[in-house]
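Written below as structure tokens is the structure these notes are about.
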Amino acid sequence: MSKTVVTRFAPSPTGYLHIGGARTALFNWLFARHHGGEFRLRIEDTDRARSNPEASAAILRAMQWLGLGHDGEVVSQFERADRHAEVVHQMLATGHAYKCFSTQDEIAKFREDARASGKSTLFQSPWRDTAAADQPDAPFVIRLKAPRDGQTVIDDQVQGKVTFQNNQLDDMICLRSDATPTYMLAVVVDDHDMNVTHVIRGDDHLNNAARQTLVYQAMGWDLPVWAHIPLIHGPDGKKLSKRHGALGVEEYQAMGYPASAMRNYLARLGWSHGDDEFFSTKQAIEWFDLAGIGKSPSRFDFKKLDNLTGQHIAVTDDRELLEQLCEFLAATDRSDLTSEQKELMLRGMYCLKDRAKSFHQLIDKAEFILTTRPIQPDEKSAKLLDGVSRSILKQLTPLLQDVSWIRNALEEVATKVAEANDVKFGKLAGPLRAALAGRTACPSVFDMMLVIGRDETIARLNDAIGEA
RNA sequence: GGCCCGUUCGUCUAUCGGUUAGGACGCCAGGUUUUCAACCUGGAAAGACGAGUUCGAUUCUCGUACGGGCUACCA
């Protein structure tokens with residue numbers, strides 16, 4: 001009988017959730033869901049100076065938008081400080097840790113000298129083997145008493161077996177001189193206590209995994225399965241950092257990308273399932289595995305996200321899409337649609353959704369629905385409404401009164417009018433578009449007529465004809 | 001500096017010793033067209049470099065170059 005799979009996402013609340021963190025969260029979520037396990041969320045807020053509650057809230061909001069629901073309570077690492085200290089004292093008692101009285105200044109000076117003379121900057125505390133009786137009455141930190149020889153092997157699901165010589169690993173600090181636990185120690189205790197079975201995180205933690213392994217061993221705890229995924233780089237190949245083009249997840253939401261497309265794109269960034277590019281979240285859950293994760297870092301590409309977004313919008317159910325659109329409007333502080341507008345949007349969704357690569361574009365295409373008479377044509381459209389075309393529209397308008405309001409019939413009438421004036425239909429479509437939408441980017445003229453209905457169509461045409 | 005990781009078309013990637021190195025986005029050309037799109041057809045485009053192992057290397061090993069990460073009483 002195998003244990004239930006438990007994964008976790010453990011962001012530090014020092015800023016918004018950026019795209020790399022979002023992908024890490026997604027992978028953990030996907031893996032847990034695939035195995036019917038649990039996906040836990042832990043806020044790593046042990047650094048009080050840099051943590052702030054707004055950041056936690058923003059991360060939670062971003063996760064919710066992405067649809068990455070977590071199981072159980074959100075764990076605050078800071079609140080578990082007592083348990084962390086308890087573990088450290090246990091290690092102290094069993095001889096796996098010791099008190100170190102070296103001051104930060106001493107250590108800094110040591111490193112400075114070591115670097116200057118080209119020697120290893122690895123600090124080896126002189127207090128490692130000092131008997132309790134010989135210890136001074138001074139501030140101290142508690143360090144892990146790590147083995148000095150032998151090696152530590154990380155059996156990583158993505159990176160393979162990675163070997164570290166133990167003499168390259170320092171005696172990491174577990175408890176600071178103010179008696180607060182360090183992150184390095186806290187992760188291990190928390191992951192163990194939360195029964196985390198699989199640690200999927202950025203490969204910037206690969207080195208840490210070795211040192212953390214030493215803590216697991218000191219405590220006699222089972223090791224989790226490691227999977228260190230490569231980082232996402234910026235368009236220029238450099239590390240994606242907050243001051244370097246890394247956008248918060250909420251900004252992608254504001255740019256009008258639907259969460260389903262984000263999940264698809266992010267999953268595809270660094271993970272693959274054969275040649276599959278466009279897939280649903282359900283399929284991603286079905287397919288996700290650690291073996292499909294690549295070893296090299298990848299770059300973020302908006303063009304591909306746009307393309308995927310277009311496909312997701314096109315296949316989303318009309319009602320669901322309208323709901324997402326309204327959420328988008330709310331998230332970007334725009335006024336909600338009226339119920340009449342929603343009604344019309346629903347009616348017109350079929351001709352709007354297969355040509356939009358963001359919610360912004362969707363709204364743009366829907367301008368003919370959202371606007372009200374009299375239509376103010378933009379410059380390009382206004383030019384199309386010259387005397388000649390107005391006279392053609394004048395002939396068309398009365399005919400619309402009695403024609404049956406279906407596409408074929410409308411096309412027939414329009415074609416007839418065009419022929420009577422000895423012009424191609426294209427010549428008529430421009431002015432018609434100008435009268436109905438006031439702009440060039442919009443759906444087919446017949447689709448627009450069908451969506452807004454006979455009365456509104458005729459009214460808009462009369463407006464256009466009447467204008468001087 | 002030390003330790004660790006990586007390197008297939010511009011980008012995301014497939015390939016798990018034998019392929020004309022495949023797909024997707026983007027790009028270019030043509031077609032369709034009722035604007036913007038969408039759509040259809042075609043095209044250009046890649047194994048960083050050098051050795052070794054092998055009948056045969058993109059694939060395995062080593063070296064070099066380049067890129068990245070870690071090297072805190074940060075996470």
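Naming convention: chains lettered A, B, ... in sequence-line order (proteins, then strands); numbering from 1 in each chain. The structure displayed is predicted, hence computed values, not measured ones. The basis for the numbers below is simple: all heavy atoms, side chains too, and nothing from hydrogens, waters or symmetry mates.
- Between A/Asp386 and A/Lys383 there is no salt bridge, since no side-chain N of the basic residue sits under 4.0 Å from a carboxylate O of the acidic one.
- Listed pair A/Lys357 / B/rA38 meets the phosphate criterion, a side-chain N or O lying under 4.0 Å from OP1 or OP2.
- Regarding A/Lys295, its NZ atom lies at a distance of 19 Å from the P atom of B/rU58, rounded to whole Å.
- Using a cut-off of 4.0 Å between Lys/Arg side-chain N and Asp/Glu carboxylate O, A/Asp129 and A/Lys145 are scored as salt-bridged.
- At least one side-chain nitrogen or oxygen of A/Arg111 sits closer than 4.0 Å to the OP1 or OP2 atom of B/rC73.
- In this structure, B/rA24 forms a base pair with B/rU11, meeting either the Watson-Crick or the G-U wobble geometry with both donor-acceptor distances under 3.5 Å.
- If you check every strand for non-hydrogen atoms under 4.0 Å, A/Ser272 touches sugar and phosphate atoms only.
- An OP1 or OP2 oxygen of B/rA75 is reached within less than 4.0 angstrom by a side-chain nitrogen or oxygen of A/Thr46.
- With a cut-off of 3.5 Å on both Watson-Crick or G-U wobble distances, the partner of B/rA51 is given as B/rU61.
- Nucleic acid contact for A/Val162: sugar-phosphate only, since backbone atoms but no base atoms lie under 4.0 Å from a heavy atom of the residue.
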- Task: Kindly determine whether A/Met91 and A/Val215 satisfy side-chain contact (heavy atoms from CB on, under 4.5 Å), including the steps that lead there.
- Result: CA-CA 9 Å; A/Met91 291 198 294; A/Val215 176; 4.3 Å; yes

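- Nucleotide B/rG6 forms a pair with B/rC66, judged by Watson-Crick or G-U wobble geometry with both contacts under 3.5 Å.
- One P atom belongs to B/rU59, the other to B/rG47, and the distance between them is 13 Å to the nearest Å.
- Here the options are A/Asn207, A/Asp203, A/Asp156, the test is side chain to side chain donor-acceptor pair (under 3.5 Å), and the partner is A/His228; only A/Asp156 passes.
- Across all strands shown, B/rG30 forms a Watson-Crick or G-U wobble pair, both distances under 3.5 Å, with B/rC40.
- Residue ring and base: A/His205 counts as stacked with B/rA75 (centre distance below 5.5 Å, interplanar angle below 30°).
- Residue-level contact check: A/Asp170 touches neither bases nor backbone, having no heavy atom under 4.0 Å from any strand.
- Residue-to-nucleotide contacts include a donor-acceptor pair under 3.5 Å from the side chain of A/Glu277 to the base of B/rG23.
- Under the Watson-Crick or G-U wobble criterion, with both distances below 3.5 Å, B/rU19 has no partner in any strand shown.
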